[in-house]
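Reading through the structure tokens given below for one structure.
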Amino acid sequence: MYKIFNTVDDVSRYTAQRLFDQICAKADSVLGLATGSTMEPVYARLMQYLEQDPVDVSRLTTFNLDEYIGLGPEHAQSYCFYMYQHLFNQLRIPGERVHLPDGTAENAERACQAYTEAIQAIGGMDLQLLGIGTNGHIGFNEPKTPFDSRTHVIELTEQTRIDNGRFFTDQREVPTHAITMGIQEILEAKEVILVATGPKKAAIMAELYHGEVSEDLPASVLKMHRNATIVMDKEAAALLPTKEGLIAGA
Ligand code: F6R
């Protein structure tokens, strides 16, 4: 379940290769995608693999995990903008197969319901990619989010708003709410890969490794998943016990 690599580049190669293999094995795969700084080198590697070895992506479907409420696709810090910048401008998946929660929907609750229905209609994700917040959130499912939640509106914690303030010019610009895919939808993915890199993730990864399954630590739900892999670089894994076999590719 845990894989530790030496560098961010090793982690990104491994994760991108898993995505690439999934696309090659099943041309109509449904991918659950994440944003954030952890995923940037992953998507860069994936694009490199697809350039070296072009694969038909016209039947892929994607669902992104989350979006800030109030930020439209043209906003440079929206997750929609991020996805086109890092992946979709190059990866030509037909537009109708690309799904992102609508942060500017007039009726956010209805938008959440529609997102849930779209995920259910297609039968859920084949492969779900996740990052992790320093407070253990997955998607924007903050601590204490019920494990049986589906796509919903969430109030971001102060910790998350501070962590993500680095992407905005002013801390006050960080949205207070977001739409996120729910934990139940993440759990229903056939396979999950959670990626954590860098020293800022070391404390939460140790908590995750040692802790019980609890709604206080949303990522802990992955311990109940049949096919979840947690991939880290050495910095994120710095506080984990060193065990033979835990380290892959070192
Ligand atoms: C973003 C998402 C979040 C991030 C997490 C880590 O779509 O789902 O859970 O994965 O906040 O973000 P970074 O990678 O910027 O540390």
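Counting starts at 1 for both ligands and their atoms, in listed order. Keep in mind the model is a prediction, meaning the values are calculated, not measured.
For ligand 1, one of its N or O atoms has an N or O atom of Gly139 under 3.5 Å away. Inclusion of Ser37 in the set of residues having an N or O under 3.5 Å from an N or O of ligand 1 is warranted. Distances between N or O atoms of Asn164 and those of ligand 1 include no value under 3.5 Å.
Protein heavy atom closest to atom 10 (O) of ligand 1, with residue, atom name and distance, is Gly131 CA, 3.2 Å. Protein heavy atom closest to atom 14 (O) of ligand 1, with residue, atom name and distance, is Thr38 OG1, 2.4 Å. Looking only at protein heavy atoms, the nearest one to atom 5 (C) of ligand 1 is His137 NE2, 3.5 Å. Looking from atom 1 (C) of ligand 1 to the surrounding protein, the closest heavy atom is Thr35 OG1, 3.1 Å.
If you check the side chains of Gln184 and Glu188, you find a donor sitting under 3.5 Å from an acceptor. Side-chain contact, Glu142 with Thr160: a donor N or O sits under 3.5 Å from an acceptor N or O. Using a 3.5 Å distance cut-off with no hydrogens or angles, the side chains of Thr157 and Asn135 do pair a donor with an acceptor. No side-chain donor from either of Thr145 and Glu215 sits under 3.5 Å from a side-chain acceptor of the other. Between the side chains of Ser58 and Asp56, at least one donor N or O sits under 3.5 Å from an acceptor N or O. Between the side chains of Thr134 and Asp163, at least one donor-acceptor pair of N or O atoms lies under 3.5 Å.
Listed by number with element, the atoms of ligand 1 under 4.0 Å from a non-hydrogen atom of Gly36 are 14 (O), 15 (O).
At least one heavy atom of Lys201 sits closer than 4.0 Å to an atom of ligand 1. Using a 4.0 angstrom heavy-atom cutoff, Glu142 does not count as in contact with ligand 1.
In this structure, Tyr82 and Tyr79 have perpendicular ring planes: the angle between them is above 60°, well past the 30° mark. Ring planes of Tyr68 and Phe140: tilted class, angle from 30 to 60°.
Within the 4.5 Å cutoff, the side chain of Ile93 has heavy atoms near those of the Thr62 side chain.
Considering Asp66, Leu65, Leu129 only, the shortest heavy-atom separation from atom 2 (C) of ligand 1 involves Asp66. The closest non-hydrogen atom to atom 6 (C) of ligand 1, taken over Ile186, Leu194, Ile132, comes from Ile132.
At a 4.0 Å heavy-atom cut-off, ligand 1 touches Arg166 through the side chain alone.
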